[in-house]
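Structure, as structure tokens:
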Amino acid sequence: MIDITLPDGSVRKYERGVTALEIAQSISEGLARNVLSAKVNDQVIDATRPINENAKVQLLTWNDQEGKATMWHSSAHLMAEAVENLYPGVKFGIGPDIENGFYYDIDFGEYTISDSDFKKIEDKMLEFAREKQTFQREEVSKKDALKYFNEKGDEYKLELINELEDGEITFYKSGDFVDLCRGPHLPDTSPIKAVKVLSLAGAYWRGNENRKQLTRLYGITFPKKKELDEYLVRLEEAKKRDHRKIGKELELFTFSQNVGQGLPLWLPNGAIIRERLEQFLKKVQKDAGYLPVISPHIGNVNLYKTSGHYDKYGSDSFQPIKTPIEGEEFFLKPMNCPHHCEIYKSRPVSYKDLPLRLAEFGTVYRYEQSGELHGLTRVRGFTQDDAHIFCTPDQVKDEFKGVMAIVMKIFKALDFKDFIVQISLRDKEDKTKYIGSDENWDKAEQAIMEVAEESGLDTIVEYGEAAFYGPKMDFMVKDALGRKWQLGTIQVDYNLPERFELEYTGSDNEKHRPVMIHRAPFGSMERFVAVLIEHTSGKFPLWLTPEQAIILPISEKYQKYAEKVLKFLNNSEIRAQIDDRSEKTGRKIRDAELKRIPFMLIVGEKEEESNTVSVRQQGTGDLGTFELQAFADLIHKEVEKATENNN
RNA sequence: GCCAUUGUAGCUCAGGGGUAGAGCACUUCCUUGGUAAGGAAGAGGUCAUGAGUUCAAUUCUCAUCAAUGGCUCCA
């Protein structure tokens, strides 16, 4: 007999070789029906695998993320089985579960497949699922594994098997489909009641663009039809928050083929929001000792040869502009740092001048691959809220901390709670991708790790994700559809000061090399506004919104009074307009609601007589009658509340 | 850049080898109204661009451009 410890701490005795499924059955039939897999001593395994020694066992169901993962992983096999049945001879790459569902990379060979084929794949999957096919695990020798896929002619699986050790190779068989797989899997296919093949995409084998592109099919499955329907509704809801859609509806920005791909045009409403954000950050930065600078949009090719960017990105940039007579070459600036280095060099610097913090909302241009462009989040021309801090090595940590404080201030002001802090360090294996000395890299990486630890924020560390010139800390936020975007960034750089031979005179009257910190709390104005739109569904905080109030006269008779109210509001620094169309009040309210204008001020006979406004709040409803000054105070108080936190 | 899909009025979309339609928005007129759509009339499109097939192409074919979902990339 062995002791099985359940999550509630209770210990039960079972025969050696008991399975999680049997344990579930011993507790209740209902539980047994719902068990998808099991966590045994922190390892997730098939619910049908024997347990041979004392263990902690957690039964995993649809309510556990790991249970879902098991179901989706098995669903990937089910989809592969369906595809193999419908398109004999196709070859398979990998097919893992993902955050929402699963995918399988498939080489369809001669077949061409499009989304019109999804239905029959789904139908076949459901057909197999209803057969209650079991997932049978089999340990196979490397030799036998190679033999099987050699006969099948699947070079992708052969490649994977060749990288595995003999003795750790397992196959799973469901129906007629046999796959190389570590598992775990469902006991059988019966929990899969609703399936949806979501999309198809090209995906390079092993993520390498020089290798063959396979067809990736994305799908998701559920134990109940209703849950699938709800998921699809949620997807539709999320799409309504898409910044591209809201940007169009609220007239925030647009694109024109005549201007060019990835080159956003900010419309007045969007420009107001962006300006407000810039003003806000400028004030914060002024208080934090930053100095404004302005640099041109192009720079001589030699500047980028000095910085090292020319070698690294020269051929992947917009190509140089040439002067007609001299033939001098200029690049559109892809970043502001080389210009700022030259500003640093414009006069001798003493240690007393440090830290020197040079800030600029600098517009940069990068040639992004056409397939990568995406609304405002990935563009070819954008404005960074950039600054470069030049300091002594001793000041790095404090400066880094100071920047983090600014990022947190911004996130707090805009109520961004759900962000990821990622620290990107060098690839441990391949250090040839980076410029700069080992010693300097170690110093920089250590400083970041220390500050991160002291900040108390949850961080994730990624090796191999560093910029080529230094390690960095990025602040990532998810968009409406769960895609991650990098916003703020802080990067330590020991390399550019070397390349530009930056110096300062120390208290010892010797020359020393400063350290540089690149930082952009918003990241880019374009991307930040995009994420802000998706987080707020276009209901911007009062201090940012383009139009804070709209005055709705009941009829033309009250136009004069409406103008008086408008004048008062404008004098009180409140952004407002009058809806003077000859429409009914209900219509004006509806339109203002849809435009997400925070306050609607209804004025008619009553209001004119008493010198008041009837206030309706967007999304909330009637707030009652306010004296003009009382309404202005209400707005000012709310704006202050939001901005006070920030200062 | 690669794979798949898409491109018809300002927006959302229907249509289809014989030179185009709806709703909303817009303009004008009527209506002067109290918390999410008042009524009528009118104006709007080389059917993304270019070539080919055809008596005839917005519709079929090809190319180009752009957008969408991914992959790769992202100083």
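- Here the P atom of nucleotide U68(B) and the CG atom of L481(A) are 12 Å apart, to the nearest Å.
- Taking the O4'-C1'-N9-C4 or O4'-C1'-N1-C2 dihedral as appropriate, G23(B) has a value more than 90° from 0 and is therefore anti.
- Aromatic rings from Y87(A) and Y111(A) are positioned such that their centres are separated by under 6.0 Å.
- Taking atom CD of residue Q261(A) and atom P of nucleotide C65(B), one finds them 9 Å apart after rounding to whole Å.
- The distance between atom CZ of R378(A) and atom P of C73(B), rounded to the nearest whole Å, is 11 Å.
- Ionic pairing of K557(A) and E605(A) is not present here: no N-O contact between side-chain nitrogen and carboxylate oxygen is shorter than 4.0 angstrom.
- Side-chain N/O atoms of R483(A) include one lying less than 4.0 angstrom from OP1 or OP2 on G70(B).
- A gap of 16 Å separates the P atoms of G50(B) and U8(B), to the nearest Å.
- As a whole-Å value, the separation of W205(A) CH2 from C71(B) P is 16 Å.
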Each nucleotide N or O in nucleotides 2-5 of chain B that has a protein N or O under 3.5 Å away: list the pair and distance.
| from | atom 1 | to | atom 2 | distance (Å) |
| --- | --- | --- | --- | --- |
| C2(B) | O4' | Y204(A) | OH | 3.4 |
| C2(B) | O2' | Q213(A) | OE1 | 2.3 |
| C2(B) | O2' | Q213(A) | NE2 | 3.4 |
| C2(B) | O2 | Q213(A) | NE2 | 2.9 |
| C3(B) | O4' | Q213(A) | OE1 | 2.5 |
| C3(B) | O2 | G202(A) | N | 3.0 |

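- For R590(A) and E593(A), the salt-bridge test fails: no basic side-chain N is under 4.0 Å from an acidic carboxylate O.
- Within the structure, salt bridge (charged side-chain N to carboxylate O under 4.0 Å, His left out) contacts touching residues 92-111 of chain A (residues at least two apart or in different chains) are E99(A)-K478(A), D105(A)-R216(A), D107(A)-K212(A).
- Atom-to-atom, CZ of R244(A) to P of U12(B) comes out at 12 Å; the value is rounded to the nearest Å.
- Taking CD1 of I554(A) as the reference point, atom OH of Y561(A) lies at 12.5 Å (rounded to 0.5 Å).
- U68(B) and U61(B) are spaced 24 Å apart, taking the P atom of each and rounding to whole Å.
- The stretch residues 230-243 of chain A has no heavy atom under 4.0 angstrom from RNA chain B at all.
- The distance between atom CG of N258(A) and atom P of U49(B), rounded to the nearest whole Å, is 13 Å.
- Between the CZ atom of F253(A) and the P atom of G10(B) there is a distance of 19 Å, given to the nearest Å.
- When the C1' atom is compared between U59(B) and G52(B), the two are found 15 Å apart, to the nearest whole Å.
- Rounding to the nearest 0.5 Å places OG1 of T254(A) at 12.5 Å from CH2 of W266(A).
- C62(B) and U5(B) have their P atoms separated by 11 Å, given to the nearest Å.
- Computed from coordinates, the Q257(A) CD to U49(B) P distance equals 10 Å when rounded to whole Å.
- Put simply, the side chain of K588(A) gets close to the backbone of P553(A): a donor and an acceptor are under 3.5 Å apart.
- Looking at which nucleotide of RNA chain B each of M335(A) and H374(A) is closest to, the 5′-most match is held by H374(A).
- Remark: the K333(A) side chain and the S295(A) side chain contain an N/O donor-acceptor pair separated by less than 3.5 Å.
- For the pair G619(A) and Q384(A), nearest-nucleotide mapping onto RNA chain B gives the more 5' position to G619(A).
- Spacing between G10(B) and G45(B) at atom C1', rounded to whole Å, works out to 11 Å.
- For RNA chain B, each stem of at least three Watson-Crick or G-U pairs (distances under 3.5 Å) is given as range with range: B:1-7 with B:65-71, B:10-13 with B:21-24, B:26-30 with B:38-42, B:48-52 with B:60-64.
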What does nucleotides 27-35 of chain B look like as a protein-contact string, B for base, S for sugar-phosphate only, - for none, at under 4.0 angstrom between heavy atoms? ----BBBBB
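- One C1' atom belongs to A48(B), the other to A9(B), and the distance between them is 14 Å to the nearest Å.
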Are there any protein N/O atoms within less than 3.5 Å of an N/O atom in nucleotides 13-15 of chain B, and if so, which ones and at what distance?
none

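- Two rings, from Y344(A) and F500(A), have their centers 6.0 Å or more apart.
- The two residues P338(A) and Y304(A) come nearest to each other via the heavy atoms CG-CE2, 3.9 Å.
- In this structure, Y313(A) forms an aromatic stack with the base of A75(B), since both conditions hold: centre separation below 5.5 Å and plane angle below 30°.
- Separating the NZ atom in K595(A) from the CD atom in E249(A) is a distance of 12.5 Å, to the nearest 0.5 Å.
- The side chain of K248(A) places an N or O atom within less than 4.0 Å of a non-bridging phosphate oxygen (OP1 or OP2) of U12(B).
- More than 12 heavy atoms of other residues, nucleotides or ligands lie within 6.0 Å of NZ in K305(A), so this atom counts as buried by the packing criterion.
- Using a 4.0 Å cut-off between charged side-chain N and carboxylate O, E159(A) and R211(A) make a salt bridge.
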